[in-house]
Amino acid sequence: MNTKTTKKNLNKAQLDKNKDSKNSQLDWLEFALETLVKKGPDALKIIPLCELKGVTKGSFYHHFKNRNVFIDTLMTHWYQKRTLDFIEQANTQSSPMEKLNKLDQVIASQQSEAEMHIRAWALKEPSIAIHLGKIDQQRQDYLAQCYAELGLPKEEAQDIALMAYANFLGMQQIHPRPSIETVLRVTAMASQAFLPMPKDN
């Protein structure tokens with residue numbers, strides 16, 4: 001095989017690789033989240049989504065058996081990306097207060113637009129609501145764990161976690177919407193009023 005042929009094959013392999021990455025399952029999921037924000041949940045039906053992406057239905061079915069599998073995979077991806085990954089980053093800190101502060105920093109550094117669209121979608125798509133139930137419980141459990149580590153009784157820690165989380169979600173429904181920094185600051189202010197005062201050494 002001569003050098004020219006080898007170079008041609010390498011270029012074709014690179015193009016194929018780029019094409020594959022543009023239509024990988026992860027790319028489909030990220031594209032779906034972007035589409036949800038821009039065009040709403042109706043655009044996440046198979047044909048409209050393929051048309052927006054500029055691909056055939058075969059590309060969709062290569063990764064997802066049907067739309068139900070697609071939705072489950074999308075919500076599992078969202079759960080990993082916006083809940084488990086956030087918790088993992090918060091857990092790089094040692095003390096519970098440092099974990100809570102780190103969690104706020106991570107949330108503030110990320111775009112939150114898709115969150116509200118997913119919650120609106122859940123009003124029409126029961127399977128989304130099921131996934132949100134799991135996500136919301138995981139987030140509250142983590143907050144409650146941190147509050148309990150600060151010295152609060154278990155039930156009180158759970159109540160404050162519920163209050164803080166409800167404040168966080170509710171403030172994002174206000175129009176005009178407060179900045180995420182304001183949401184986090186006010187939410188922390190409300191929850192910290194119930195936390196034990198640090199003891200002087």
Side-chain angles (χ1 to χ4, degrees), residues 29-45 48-49 52 71-72 74-91 93 96-150 152 155-197:
L29 298 175
E30 289 297 325
F31 180 77
L33 291 173
E34 293 172 8
T35 301
L36 175 64
V37 172
K38 293 177 181 177
K39 296 186 175 293
D42 287 342
L44 296 191
K45 295 174 182 176
L49 194 59
L52 287 169
I71 290 175
D72 284 343
L74 179 65
M75 290 305 298
T76 299
H77 171 65
W78 177 256
Y79 174 55
Q80 178 67 50
K81 180 179 179 180
R82 302 288 300 196
T83 300
L84 297 183
D85 286 356
F86 282 15
I87 289 173
E88 183 178 352
Q89 292 181 65
N91 281 338
Q93 307 303 304
M97 188 56 72
E98 288 173 336
K99 290 177 183 178
L100 291 170
N101 290 336
K102 178 66 174 180
L103 185 60
D104 283 351
Q105 292 171 15
V106 173
I107 293 171
S109 70
Q110 301 292 319
Q111 292 291 332
S112 60
E113 277 295 306
E115 178 92 22
M116 295 300 102
H117 289 274
I118 286 174
R119 293 186 179 279
W121 189 14
L123 298 175
K124 297 180 179 180
E125 192 90 47
S127 62
I128 301 296
I130 293 172
H131 282 282
L132 279 180
K134 174 183 177 182
I135 290 169
D136 287 346
Q137 191 60 60
Q138 176 76 55
R139 292 174 177 178
Q140 290 177 70
D141 287 347
Y142 184 74
L143 293 175
Q145 176 187 324
C146 290
Y147 295 147
E149 290 176 3
L150 287 168
L152 289 175
E155 289 187 3
E156 190 174 344
Q158 291 172 337
D159 287 344
I160 295 174
L162 173 59
M163 179 198 69
Y165 190 55
N167 282 342
F168 173 76
L169 293 180
M171 287 183 65
Q172 295 180 72
Q173 302 295 329
I174 296 172
H175 294 279
R177 187 183 302 174
S179 68
I180 191 64
E181 291 80 12
T182 298
V183 171
L184 292 169
R185 174 172 53 79
V186 175
T187 299
M189 185 187 303
S191 61
Q192 285 173 4
F194 296 91
L195 299 180
M197 296 294 291

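Keep in mind that what you see is a predicted model, and the values were worked out from it rather than measured.
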Just to verify, what does Glu88 make a side chain to side chain donor-acceptor pair (under 3.5 Å) with, not counting sequence neighbours? none

Could you list the residues that satisfy side-chain contact (heavy atoms from CB on, under 4.5 Å) with Ile87, not counting sequence neighbours? Thr83, Asn91, Gln138, Tyr142

Report the residues that fulfil side chain to side chain donor-acceptor pair (under 3.5 Å) with Asp159, sequence neighbours left out, ordered by chain and then residue number. none

All salt bridge (Lys or Arg N to Asp or Glu O under 4.0 Å) counterparts of Glu30, not counting sequence neighbours: Lys81

By salt bridge (Lys or Arg N to Asp or Glu O under 4.0 Å), Lys45 pairs with (sequence neighbours left out) none

Under the side chain to side chain donor-acceptor pair (under 3.5 Å) test, which residues partner Gln80, sequence neighbours left out? Asp85

Please tell me whether Asp141 and Gln137 have a donor and an acceptor in their side chains that are separated by less than 3.5 angstrom. yes

For residues 100-116, pull every pair meeting salt bridge (charged side-chain N to carboxylate O under 4.0 Å, His left out), keeping only residues two or more places apart or in separate chains. Glu113-Arg177, Glu115-Arg119, Glu115-Arg139

Among all residues two or more places apart in sequence or in another chain, which pass the side-chain contact (heavy atoms from CB on, under 4.5 Å) test with Leu52? Phe31, Thr35, Lys39, Ala43

The salt bridge (Lys or Arg N to Asp or Glu O under 4.0 Å) partners of Glu149 (sequence neighbours excluded) come to Lys99

Hits for side-chain contact (heavy atoms from CB on, under 4.5 Å) against Ala120, two or more places apart or cross-chain, chain-then-number order -> none

Quick one: salt bridge (Lys or Arg N to Asp or Glu O under 4.0 Å) partners of Glu181, sequence neighbours excluded? none

List for me each residue that meets side chain to side chain donor-acceptor pair (under 3.5 Å) alongside Trp121, sequence neighbours excluded, and say none if there are none. Glu125

